[in-house]
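Below: one structure, written as structure tokens.
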2 protein chains.
Amino acid sequence: MSTTSHQTPAPLPLFRQIVDDLKSRIVSGDLSEHMPLPSERAIAELHAVSRMTARRALEAVEAEGLAYSKDRKGRFVSPKRLDYDVSSMSNFISGAAARGIDLQVEHLESRSLPAGRSIAEILAVPEGTALYENTRLFRREGHATFLETETVLADRCAGLLPKTPPHPESFLQKQRYSPLGHTADIVIRMRALAPEEAGLLGLMPYQSGIEQEQLVRDPSGTAFCFSRQIWRGEMAQFSARAIIKQAQSISGGRDPDGARGQATP
Amino acid sequence: MSTTSHQTPAPLPLFRQIVDDLKSRIVSGDLSEHMPLPSERAIAELHAVSRMTARRALEAVEAEGLAYSKDRKGRFVSPKRLDYDVSSMSNFISGAAARGIDLQVEHLESRSLPAGRSIAEILAVPEGTALYENTRLFRREGHATFLETETVLADRCAGLLPKTPPHPESFLQKQRYSPLGHTADIVIRMRALAPEEAGLLGLMPYQSGIEQEQLVRDPSGTAFCFSRQIWRGEMAQFSARAIIKQAQSISGGRDPDGARGQATP
DNA sequence: CTCCCAAGTTGGTATATACCAGATATCCAC
DNA sequence: GTGGATATCTGGTATATACCAACTTGGGAG
């Protein structure tokens, strides 16, 4: 019934049909984690569409996080999502290991630096205070997952961050993730990846990810560590247990504006 | 190094140059909130590129959340980000009002229904338990921001949800957001919008947003409300104060797996 | 056997073109 | 002035084509 009597059937655009086909093949398990998706040219031929249309479909699947692309190598099925429980992050790394999650850390940079304006404000220390900064890339089963820049007060981990072979995991385990009941101010937002972040995470520019900021305080309430993570958005979800308070009680508390990195465009 | 003596300058692709131009015009305030961006054809002419290239640039700006498009009307500069403090969400709506944030609620649906399998499991009640479900669209300054589906135990708000004129705001204010110290299990993730969600939020299919789930418990620890919100990702950030515990203490606690909606692809 | 080059693959960029459908403005007839 | 047809905006979809650069593979020279 090409000329149907009732409403227009509103046929799905070609590229959306292809998207749905690919999605169903992924969720059904026909295509499993890290398996290559058909190439743009293969899809174009299979579905009898132009390569640009095939490309649009593949980019949509990619934008959804169901697939990732390796430049000039192909597109592959994304691995499953990980749960990041921020309330028990005392031991995210070893905790992940205990759950059978294979998480590798690649150190990208370790350096000492004096506090600049914005980080001094965040940590509530004078400008110029000595800091250690570590940048790490986390991989899950070899797959880039998130990027972390951690800034700590130098006097809190003196000796734990030797300059020559940067091995701050000892600090991670001993100090930051001590069994004491720390608190953390957390901010989570979605934002576009900067080009160099996208490169490290194996994504195209202008894709979005999830940024998580944590301002960690010791039991006395003093902030001593600020970390900023940028995640591939499809790779995790963040869970927490919150104590819900009256709005007034919070706004009367310290640091009412957790939105430092206002993430203006 | 055919012409240049040093490394290749690696010129930015045309569409990225256009993206950067548009971004700078937005951040500089040359283009302010809700102002129209140049049309695809205008950019094509201005930058002397094809319309498809102009389109790619505009879509990239859109994917970053710096702009939004209205079908066949044009693309416009996105408004600024909002901060959602989940720890003081006792009064998110009126709290927002107090901060001068203009937030409107549009009721889409209110209904009574028996608990299905998955929601019964989440709320830890028998299947078939009477529930009330509300779906609302929140706008900020007239701009669609997030979509909420809230499910509550019917016996917790009997009489507060009259069938004829659905006016559950009274419930929102009186019961759910009472001054008592509730707790909530929260999950935040980035995911692609379903087509109907995208339509309501004024986005194209296959764009990503942020989903927030809240399982709200009364002071006795009994869950009585489950809400799921889907946000335009660029419209908010989520902040909280977390008490960091040992991984063991959490995994020994109740509901160790907050990842119900595992969000499989 | 190893090493290197060439061929073929992949995605990335870019152009030119075409048609559709919704939204808007304009202008003319009434 | 009002109403309605029309022209012209907009983005949405789709095709065909072209070239580039990175990667993989295979084969041949040493």
Side-chain angles (χ1 to χ4, degrees), chain A residues 2 7-22 31 34-63 66-78 195 198-199 202-207, chain B residues 1-3 7-22 34-63 67-78 195 198-199 202-207:
Chain A
S2 60
Q7 296 250 355
T8 55
L12 236 48
L14 285 177
F15 85 95
R16 292 195 52 179
Q17 296 177 30
I18 299 173
V19 169
D20 292 344
D21 177 55
L22 289 169
L31 293 167
H34 299 296
M35 273 179 59
L37 266 58
S39 72
E40 298 177 355
R41 289 165 175 91
I43 286 179
E45 195 172 1
L46 265 168
H47 288 80
V49 296
S50 74
R51 192 188 147 203
M52 288 307 292
T53 303
R55 182 181 176 76
R56 287 195 59 185
L58 282 164
E59 281 180 337
V61 173
E62 204 175 331
L66 289 177
Y68 60 95
S69 73
K70 288 194 213 171
D71 194 46
R72 275 152 257 249
K73 284 170 87 175
R75 289 187 172 84
F76 306 86
V77 179
S78 291
L203 294 173
M204 287 290 99
Y206 309 118
Q207 281 196 259
Chain B
M1 50 185 84
S2 57
T3 53
Q7 298 250 353
T8 54
L12 236 48
L14 286 176
F15 84 96
R16 292 195 51 180
Q17 297 177 29
I18 300 172
V19 169
D20 292 344
D21 177 56
L22 289 169
H34 299 296
M35 274 180 59
L37 267 60
S39 73
E40 298 177 356
R41 289 165 176 89
I43 287 179
E45 196 173 0
L46 266 169
H47 288 79
V49 296
S50 74
R51 191 186 147 203
M52 289 307 292
T53 302
R55 183 181 176 76
R56 287 195 59 185
L58 283 163
E59 281 180 337
V61 174
E62 203 175 332
Y68 61 95
S69 73
K70 288 195 212 172
D71 194 44
R72 272 151 261 250
K73 283 171 88 174
R75 288 187 173 84
F76 306 87
V77 180
S78 290
L203 294 172
M204 288 289 98
Y206 310 117
Q207 280 195 259

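Here is the naming used below: chain letters follow the sequence lines, and residue numbers restart at 1 for every chain. From a predicted model like this one, the values you see are computed outputs, not experimental measurements.
In summary, B:Glu45 and B:Arg41 do not engage in a salt bridge, as defined by a charged side-chain N under 4.0 Å from a carboxylate O.
B:Leu14 comes within contact range of the sugar-phosphate backbone alone, with a heavy-atom separation under 4.0 Å but no base atom that close.
Residues A:Pro205 and B:Arg16 approach most closely at CG-NH1, 3.4 Å, considering heavy atoms. The nearest pair of heavy atoms linking B:Leu22 to B:Pro38 is CD2-CD, 4.1 Å. The two residues A:Ala54 and A:Ala44 have their closest heavy-atom pair at CB-N, 3.7 Å. Between A:Ala67 and A:Leu37, the shortest heavy-atom contact is CB-CD2, 3.9 Å. The shortest non-hydrogen separation linking A:Arg75 to A:Ser69 is CG-CB, 3.6 Å. Closest approach of B:Ala60 to B:Val19, counting heavy atoms only: CB-CG2, 3.7 Å.
With a cutoff of under 4.0 Å to any heavy atom of chain A, the contacted region of DNA chain D is bounded 5' to 3' by D:dT13 to D:dT24.
Between the CG atom in A:Asp20 and the CZ atom in A:Phe15 there is a gap of 9.5 Å [rounded to 0.5 Å]. Separation of atoms CD (A:Glu62) and CE (A:Met204) is listed at 7.0 Å; rounding is to 0.5 Å.
Heavy-atom distances under 4.0 Å link DNA chain D to B:Arg51, B:Met52, B:Arg55 of residues 48-56 of chain B, given in residue order. Residues from residues 40-47 of chain B that place a heavy atom under 4.0 Å from any atom of DNA chain C: there are none.
When ring centroids are compared, B:His34 and B:Tyr68 come within the 6.0 Å threshold.
Taking a pair as Watson-Crick or G-U wobble with both distances under 3.5 Å, DNA chain C forms stems of 3 or more consecutive pairs at C:1-30 with D:1-30.
Summarising the geometry, the separation between CG on A:Asp71 and C1' on C:dT10 is reported as 9 Å, rounded to the nearest angstrom. If you take CG of A:Leu37 and C1' of C:dT10, they are 13 Å apart, rounded to a whole angstrom.
Remark: B:Arg56 pairs with no residue by the side-chain hydrogen bond (donor to acceptor under 3.5 Å, both in side chains) rule, at least two apart or across chains. Partners of B:Leu14 according to the side-chain contact (heavy atoms from CB on, under 4.5 Å) rule, which considers only residues two or more places apart in sequence or in another chain, are B:Gln17, B:Val49, B:Thr53.
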Derivation of the side-chain contact (heavy atoms from CB on, under 4.5 Å) call for A:Lys70 and A:Phe76
CA-CA 8 Å; A:Lys70 288 194 213 171; A:Phe76 306 86; 4.0 Å; yes
